[in-house]
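Some notes on the structure that comes next.
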Amino acid sequence: MKLNIAVLPGDGIGPEISVQGVEVMSAVCEKFGHEVHYEYALCGADAIDKVGDPFPEETYRICKDADAVLFSAVGDPKFDNDPTAKVRPEQGLLAMRKKLGLFANIRPVQTFKCLLHKSPLRAELVDGADFLCIRELTGGMYFGEKYQDNDKAYDTNMYTRPEIERILKVGFEYAMKRNKHLTVVDKANVLASSRLWRQIAQEMAPSYPEVTTDYMYVDNAAMRMIQEPKFFDVMVTENTFGDILTDEGSCISGSMGLLPSASTGESTPVFEPIHGSWPQAKGLNIANPLAQILSVAMLFEYFDCKEEGALIREAVNASLDANVRTPEIQVEGGAKYGTKEVGSWIVNYIKEK
Ligand code: IPM
Ligand code: MN
């Protein structure tokens with residue numbers, strides 16, 4: 001296979017973890033005889049500083065022409081506490097999602113046996129938890145009509161039938177491939193937009209008779225996720241609820257630095273860690289590269305390269321078992337490996353396999 005990859009390192013720890021993702025990608029391509037070509041592009045605060053736009057036209061073109069985007073992180077504290085800033089790094093990410101039509105964000109919540117003690121939840125609750133959150137990514141409050149003056153502000157949570165149908169379809173199809181249990185998360189007791197979601201889900205459910213479909217209010221789902229994470233198989237929800245629930249989901253596994261994601265839709269798919277740019281750690285070689293590396297596994301799996309994906313997952317598990325870990329997940333008294341060292345260990349594992 002020939003792969004043309006757009007690499008968007010972004011801000012904070014983004015560039016450091018990006019390097020590790022690219023090296024793993026190259027090692028796998030060499031092993032399996034794939035030809036890979038990388039195009040680097042600017043985004044986020046880095047792009048604002050250099051060209052005044054968090055998602056420049058040039059970056060859009062590079063992404064559009066690529067087979068996949070390997071994205072790292074955007075965000076910089078100099079914009080966070082300035083509500084008057086005209087452009088923000090996050091707008092780059094939102095522009096990318098909208099322009100590439102990335103309406104389906106797939107966020108797996110998985111646990112690693114050897115890290116159960118790192119979870120804020122009791123091990124017996126977490127052990128074996130494994131579910132997918134499918135987050136709608138190009139609609140709802142993030143993109144609805146907005147208004148702000150000194151005395152009043154609003155965001156509009158609008159969804160149309162086609163937007164709801166296409167994301168629910170993704171949810172039902174993933175449920176069919178997994179344990180055939182879909183939970184539609186909404187706030188239908190209060191929000192009109194949620195009532196339409198629920199109505200459409202009820203219309204679609206009979207077409208998937210093998211899937212057990214249940215409906216849960218988002219406040220209840222937030223509670224259930226920590227009370228009984230093993231309840232879930234596939235959940236599907238709107239943009240804002242999915243944003244909040246996936247941060248909650250990510251900490252179940254013990255570290256935010258472990259979870260990858262895939263965003264797919266109408267154009268080039270994007271693979272990225274779910275964590276942010278962690279600006280305080282920039283340049284310190286302490287960021288966990290595993291979420292980025294596992295994003296590369298999701299990239300291969302998207303192209304149906306199952307063995308490639310499996311080898312990356314095996315290498316990641318082997319690194320954890322060998323205690324080759326970044327500080328936030330290292331066992332007590334264990335040596336602290338840096339971002340680069342964890343990445344190189346995984347690359348060597350792949351090469352020697
Ligand atoms: C995420 C992030 C983004 C979001 C931010 C950075 C705009 O939190 O991908 O979950 O809110 O979608
Ligand atoms: Mn988020």
Side-chain angles (χ1 to χ4, degrees), residues 8-15 17-18 21 42-48 53-55 59 63 69-83 85-109 131-144 146 155-157 159 163 167 185 218 221-222 225 235-253 255-265 269-282 287-288 291-292 294-295 298:
L8 275 56
D11 307 321
I13 57 168
I17 57 166
S18 174
L42 297 175
C43 67
D46 180 40
I48 297 177
D53 179 347
F55 190 64
T59 299
C63 292
V69 177
L70 190 60
F71 185 93
S72 297
V74 292
D76 190 296
K78 73 182 174 204
F79 298 92
D80 290 344
N81 298 319
D82 177 8
K86 289 261 169 326
V87 278
R88 310 181 160 276
E90 289 78 7
Q91 285 167 347
L93 183 57
L94 299 182
M96 177 177 78
R97 290 172 179 171
K98 196 69 177 177
K99 285 181 139 179
L100 295 177
L102 301 168
F103 64 84
N105 182 220
I106 319 296
R107 296 189 165 183
V109 175
F131 62 92
L132 276 190
C133 180
I134 305 199
R135 169 186 174 194
E136 200 291 328
L137 204 58
T138 52
M141 265 197 283
Y142 275 63
F143 295 97
K146 288 173 192 294
D155 303 278
T156 318
N157 198 26
Y159 272 106
E163 285 176 315
I167 190 72
V185 175
V218 61
M225 267 172 65
M235 66 162 74
V236 60
T237 191
E238 65 154 88
N239 203 345
T240 307
F241 299 161
D243 177 46
I244 298 166
L245 291 180
T246 52
D247 263 34
E248 186 184 344
S250 77
C251 75
I252 292 177
S253 70
S255 165
M256 246 195 141
L258 298 171
L259 297 186
S261 77
S263 302
T264 63
V270 173
F271 300 87
E272 57 174 310
I274 91 143
H275 61 70
S277 61
W278 197 16
Q280 301 79 359
K282 179 180 175 165
N288 195 335
Q292 178 84 78
L294 289 167
S295 306
M298 286 187 91

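A quick note: this is a predicted structure, and the numbers were derived from the prediction, not measured. Any value given below was found using the heavy atoms of this structure, including those in side chains, with hydrogens, waters and symmetry copies removed. Just so you know, ligand 1 is whichever comes first in the structure, and atom 1 is the first atom listed for that ligand.
Looking at ligand 1, you'll find an N or O of R135 within less than 3.5 Å of one of its N or O atoms.
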Q: Evaluate side-chain hydrogen bond (donor to acceptor under 3.5 Å, both in side chains) for T246 paired with R107, printing each intermediate quantity in order.
A: CA-CA 7 Å; T246 52; R107 296 189 165 183; 2.8 Å; yes
Q: Output, in order, the C-alpha distance, side-chain angles, deciding distance and verdict of side chain to side chain contact (heavy atoms under 4.5 Å, CB included) for Q292 and L70.
A: CA-CA 8 Å; Q292 178 84 78; L70 190 60; 3.4 Å; yes
Q | Worked verdict on D53 versus Q91 for side-chain hydrogen bond (donor to acceptor under 3.5 Å, both in side chains) | A | CA-CA 9 Å; D53 179 347; Q91 285 167 347; over 6 Å; no
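Between the side chains of N157 and E238, a donor-acceptor pair is found at a separation under 3.5 Å.
At least one donor-acceptor pair under 3.5 Å links the side chain of T59 to the backbone N or O of L42. Between the side chain of D11 and the backbone N or O of A45, at least one donor-acceptor pair lies under 3.5 Å.
Across the listed options R107, E90, R88, R107 owns the non-hydrogen atom lying nearest to atom 1 (C) of ligand 1.
With hydrogens left out, the protein atom closest to atom 2 (C) of ligand 1 is D243 OD1, 4.1 Å, a heavy atom.
Heavy atoms of E272 come nearer than 4.0 angstrom to ligand 1 in no pair at all.
Atoms of ligand 1 found under 4.0 Å from any heavy atom of Y142, numbered from 1 in the order shown, are 4 (C), 11 (O), 12 (O). In the vicinity of R97, heavy-atom distances shorter than 4.0 Å reach the ligand 1 atoms 1 (C), 4 (C), 9 (O), 12 (O).
Counting backbone and side-chain atoms alike, D243 contributes an N/O/S atom closer than 2.8 Å to the Mn ion (ligand 2).
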